[in-house]
Amino acid sequence: MAGSKPRRFRIVLGVTGSIACYKAVDLARYFIKRGANVRVVMTESATRFVSPLTFQSLTHNPVAQSFWTEGDSGSIGHIELADWAEAFVIAPATADSIAKLAMGSAESSLLATALATKAPIIIAPAMNSNMLSHPQTQENLTTLQGRGYEVVEPDSGLLACGWTGSGRLASNREIYVKTMRALGPADLLGKRVVISAGPTREMIDPVRYISNRSSGKMGLALANEAYRRGAVVTLIHGPMAGVASLSKDVTTVSVTSAAEMGEAIKTHAAGAQGAPRADVTIMAAAVADYRPVAERPQKIKKASFTPTIDLIENEDILKSLGMEHARRDGALLVGFAVETGTVEELLSEARSKLARKGADMIIANRAEDAFDKTTNQVWIVSGDTPPLHIETTSKKSIATAILDQVVARLRKRSGVELAH
Ligand code: CTP
């Protein structure tokens with residue numbers, strides 16, 4: 001609803017004693033900026049690195065440190081905190097705290113909160129690379145993963161101890177997206193979702209190409225949302241910005257031309273070369289319909305240029321998938337249609353593309369609403385129901401609406417009753 005505020009999700013941030021504690025300050029801000037209500041619990045050693053007052057001032061909430069601090073209205077502090085949490089994020093998590101978590105220690109308020117909470121627990125280790133690769137630490141992490149903890153893999157680089165290797169606290173973005181996934185509906189859990197995004201480029205000569213106006217933002221939003229809902233996501237993208245904002249768990253394949261995109265889609269979506277087939281394929285890419293007959297090996301000089309370029313039609317990737325798709329069980333194929341006419345013309349074109357290309361769903365939108373914008377309005381067109389209009393909203397919300405429809409269709413196909 002326009003103007004309404006999204007619900008503030010409740011994050012408990014557990015901070016243990018590592019030099020990376022200072023990064024936890026920024027992480028708390030990162031969560032707050034994205035709508036979280038954050039409460040912090042610190043170990044005694046963490047308070048040596050960063051003052052609890054820093055977290056208190058940023059979160060506007062008291063910081064839990066000791067068992068001997070009373071909880072709200074006389075309740076037991078760590079139990080109240082454990083019950084309050086929708087997600088418990090431990091960042092940075094030291095080797096010592098990981099070991100204690102693995103053995104179920106309740107020696108500190110932070111550890112007791114971890115034992116008592118029913119919320120998902122996300123841990124982001126940060127330590128020296130040798131401590132991280134030590135078999136005991138690795139065994140502890142495996143134990144925690146086996147208990148359902150989400151471990152955010154540390155980054156590699158120069159460490160505070162002077163070593164270079166794995167052990168740097170993961171980025172705020174990575175910790176955030178993993179937390180949102182842990183809080184997500186898991187209605188695409190384990191489903192293989194392949195999404196294409198962005199434009200393709202068809203080279204004329206080494207410095208010039210034919211392309212189209214596509215930022216790739218819609219495909220990126222779909223990849224983020226599919227990941228949040230638990231899917232195993234592959235994004236096949238043309239030249240575009242923003243791919244680095246995706247979780248590291250999302251497989252990304254960078255291509256340039258329509259032919260390269262076609263190859264990559266066949267491998268990742270259609271199960272070529274023994275690869276697993278996708279459960280859902282979404283063609284959000286603006287694939288160039290034509291390419292020059294041949295790319296010139298040298299830059300074309302103005303003096304020698306005859307102002308015509310001979311073009312040849314590219315393969316229609318969606319259509320090829322659609323033909324093959326007819327023989328597959330249960331998999332879903334979604335295409336896009338972008339047009340410049342009236343809504344009636346758009347819907348009629350979308351229906352025709354649905355039939356012509358063998359897709360299950362076409363997301364119809366208008367160039368004027370979509371290009372160079374972070375918002376869009378779309379009509380979701382499928383064979384068996386009237387078009388569903390999603391009014392102008394963020395591309396993130398459009399992605400949610402599209403994947404709601406995808407989930408509903410997958411459920412229908414597998415015969416499961418719709419929850420709502
Ligand atoms: N598409 C594709 N391969 C192409 C061209 C388009 O897979 N060579 C896909 C797009 O990713 C999109 C859908 O087809 O999902 C519709 O693309 P669009 O350009 O709107 O349709 P066209 O078939 O090219 O028809 P027209 O240009 O005549 O509208």
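We count ligands from 1, going down the list as the structure has it; atoms in each ligand are counted the same way. FYI, side chains are in, hydrogens and waters are out, and symmetry mates aren't considered; it's all heavy atoms of this structure.
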With a 4.0 Å cut-off on heavy atoms, is [X] touching ligand 1?
X: Ala258; value: no
X: Lys319; value: no
X: Met261; value: no
X: Glu313; value: no

What protein heavy atom sits nearest [atom], and how far away is it?
atom: atom 11 (O) of ligand 1; value: Ala285 O, 2.7 Å
atom: atom 19 (O) of ligand 1; value: Asp289 OD2, 4.3 Å
atom: atom 8 (N) of ligand 1; value: Glu315 O, 2.9 Å

Please assess Glu349 against Arg356 for the test side-chain contact (heavy atoms from CB on, under 4.5 Å), listing each intermediate value before the final yes or no.
CA-CA 10 Å; Glu349 192 53 37; Arg356 212 167 62 225; 3.8 Å; yes
Glu391, CD atom: more than 12 neighbouring heavy atoms under 6.0 Å:
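It does not: Glu391 CD has 12 such atoms or fewer within range.
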Atom CZ of residue position Arg147 - does it have more than 12 heavy atoms of other residues, nucleotides or ligands inside 6.0 Å?
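Buried by this count: over 12 neighbours within 6.0 Å.
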Measure from NZ or CZ of Arg173 to the centre of the six-membered ring of Tyr30 and say whether it is under 6.0 Å with the direction within 45° of the ring axis.
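Judged by the rule (NZ or CZ under 6.0 Å from the ring centre, within 45° of its axis), Arg173 is not positioned above Tyr30.
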With heavy atoms of [X] as the reference, note each atom of ligand 1 found under 4.0 Å away.
X: Gly335; answer: 15 (O)
X: Val338; answer: 20 (O)
X: Met283; answer: 7 (O), 11 (O), 12 (C), 15 (O)
X: Glu339; answer: 29 (O)

Verify, without hydrogens or angle tests, whether Thr234 (side chain) and Thr251 (backbone) share a donor-acceptor contact under 3.5 angstrom.
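The answer is no, because no donor-acceptor pair under 3.5 Å joins these two groups.
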Under 4.0 angstrom from atom 23 (O) of ligand 1, is there any protein heavy atom?
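Protein heavy atoms within 4.0 Å of atom 23 (O) of ligand 1 - there is at least one.
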In Å and rounded to the nearest 0.5 Å, what is the CD1 to CD1 distance from Ile122 to Ile11?
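Those atoms lie 7.0 Å apart.
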Is there a side-chain contact between Leu246 and Tyr227 in this structure, where contact means two heavy atoms from C-beta onward sitting under 4.5 Å apart?
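Not in contact.
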[X]-ligand 1 polar pair, N/O distance under 3.5 Å:
X: Phe336; result: yes
X: Val287; result: no
X: Lys357; result: yes
X: Ala286; result: no
X: Lys353; result: yes
X: Ile317; result: yes
X: Asn314; result: no

At their closest point, which heavy atom of Met131 faces which heavy atom of Thr137, and how far apart are they?
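The pair with the smallest heavy-atom distance is O-OG1, 2.7 Å.
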Nearest option to atom 7 (O) of ligand 1, as decided by whichever heavy atom of Val334, Leu318, Ile265 sits closest:
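Among Val334, Leu318, Ile265, the closest heavy atom to atom 7 (O) of ligand 1 belongs to Leu318.
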Val152 and Thr179: CA distance, side-chain angles, deciding distance, side-chain contact (heavy atoms from CB on, under 4.5 Å) verdict:
CA-CA 9 Å; Val152 189; Thr179 305; over 6 Å; no
One pair to check against side-chain contact (heavy atoms from CB on, under 4.5 Å): Leu403 and Ile282. What are the steps and the verdict?
CA-CA 10 Å; Leu403 289 175; Ile282 306 179; 4.0 Å; yes
Start with the C-alpha distance between His389 and Gln377, add both sets of side-chain angles, then the distance that settles side-chain contact (heavy atoms from CB on, under 4.5 Å), and finish with yes or no.
CA-CA 8 Å; His389 181 201; Gln377 66 170 325; 2.7 Å; yes
With a 3.5 Å cut-off and no angle check, do the side chains of Arg181 and Ser247 form a donor-acceptor pair?
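The criterion, which ignores hydrogens and geometry beyond distance, is not satisfied for Ser247 and Arg181.
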